[in-house]
Amino acid sequence: MKYWLMKSEPDVFGIDDLIKMPKQTEHWDGVRNYQARNMMRDEMKVGDQVFFYHSNCKEPGIVGIAEVVQEGYPDFTAFDPNGKYYDPKSDPDNPRWFMVDIRYVRKFKRTITLTELKEKKTLQNMRLLARGNRLSVMPVEKKHWDFILKQEK
DNA sequence: GCCAACGTTGGC
DNA sequence: GCCAACGTTGGC
């Protein structure tokens, strides 16, 4: 089993929106970055655990946990000419973009903020904290995952 | 294949 | 709202 971190803007789709979905499950559409696409298409497996991260907001940080319930399949929002994620270069017969489905697991008692993550020596080479990092889907090392969980209390 | 221009991300 | 960092596009 692997560990991941997925970013989302709470004004667009936050963890509370995930909780409200039928079966508390949603497809992770709209990712238009090849590295992130490759991870969703090739590496994420059912049962993998995901940190749900809120970005571009007042208090950026990890707010809870979700898990992968459906492995990579074509992102159909790329096929809808009227949708905001439409990409004419993605052909249904040869899809360019992929997504996974994730299900809500639990919300942390508090947000583990980006600010405090940066302060931890153990996490100093975490992908999320790398300079200029803009990936919206990224792997998390188990040692980092375990360490972050301990910060919740 | 290089690289300038442009668009996007996301913290602050 | 600013802007640094980065990815993508497209002319050559």
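Letters A, B, ... are given to chains in the order of the sequence lines, protein chains preceding strands, and every chain is numbered from 1.
Arg32(A) comes within contact range of no nucleotide atom at all, as no heavy-atom separation falls under 4.0 Å.
Residues Arg96(A) and Gly132(A) both approach DNA chain C. Their nearest nucleotides, taken by heavy-atom distance, put Gly132(A) toward the 5′ side.
Atom CD in Gln35(A) sits about 18 Å away from atom P in dA5(C), given to the nearest Å. As a whole-Å value, the separation of Asp87(A) CG from dG7(C) P is 18 Å.
Of all heavy-atom pairs spanning Lys84(A) and Val12(A), the tightest one is NZ-CG1, 4.3 Å.
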Distances for protein N or O near nucleotides 8-12 of chain B N or O, under 3.5 Å:
unit_1	atom_1	unit_2	atom_2	d
dT8(B)	O2	Arg134(A)	NH1	2.6
dG10(B)	OP1	Lys7(A)	NZ	2.9
dG10(B)	OP1	Arg134(A)	O	3.1
dG11(B)	OP1	Tyr53(A)	OH	2.7
dG11(B)	OP2	Asn56(A)	N	2.9
dC12(B)	OP1	Lys118(A)	NZ	2.5

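Classified by interplanar angle (parallel below 30°, tilted 30° to 60°, perpendicular above 60°), the ring pair Tyr34(A)/Trp97(A) is tilted. Using a 30° and 60° split on the angle between ring planes, Trp28(A) and Phe13(A) fall in the perpendicular class, above 60°.
For Asp75(A) and Arg32(A), the salt-bridge test passes: some basic side-chain N is under 4.0 Å from an acidic carboxylate O.
Remark: side-chain polar atoms of Thr25(A) are paired, donor with acceptor, to backbone N or O of Lys23(A) under 3.5 angstrom.
Within 6.0 Å of the NZ atom in Lys142(A), the count of heavy atoms belonging to other residues, nucleotides or ligands does not exceed 12.
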